[in-house]
Amino acid sequence: MGDRQKVTRREWMRRLGWMAALWAGGVVALSALAYLIRMIMQALGMR
């Protein structure tokens, strides 16, 4: 039973790692998109 609990904990940590990686990727993608939109607006003289 001890081994099974270890595997379950390892799997849980792996899933948390993937969730954190996806969240961080989303934050980076949104930041890049906001920066790109800001640059386009500046180029068009809207800001």
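Counting only residues at least two apart or on different chains, the salt bridge (Lys or Arg N to Asp or Glu O under 4.0 Å) pairs with a member in residues 14-31 are E11-R14, E11-R15. Within the structure, no pair that satisfies the salt bridge (Lys or Arg N to Asp or Glu O under 4.0 Å) test touches residues 16-31, not counting sequence neighbours.
Hydrophobic clustering of Ile, Leu, Val, Met, Phe, Trp and Tyr side chains at less than 4.5 Å, counting indirect connections, unites L33 with M41. M13 and W18 are members of different hydrophobic clusters when ILVMFWY side chains are connected at heavy-atom separations under 4.5 Å.
Looking at heavy atoms from C-beta onward, W23 lies out of side-chain contact with M19 at the 4.5 angstrom threshold.
For the atom pair CG of L36 and CD1 of I40, the computed distance is 4.0 Å after rounding to the nearest 0.5 Å.
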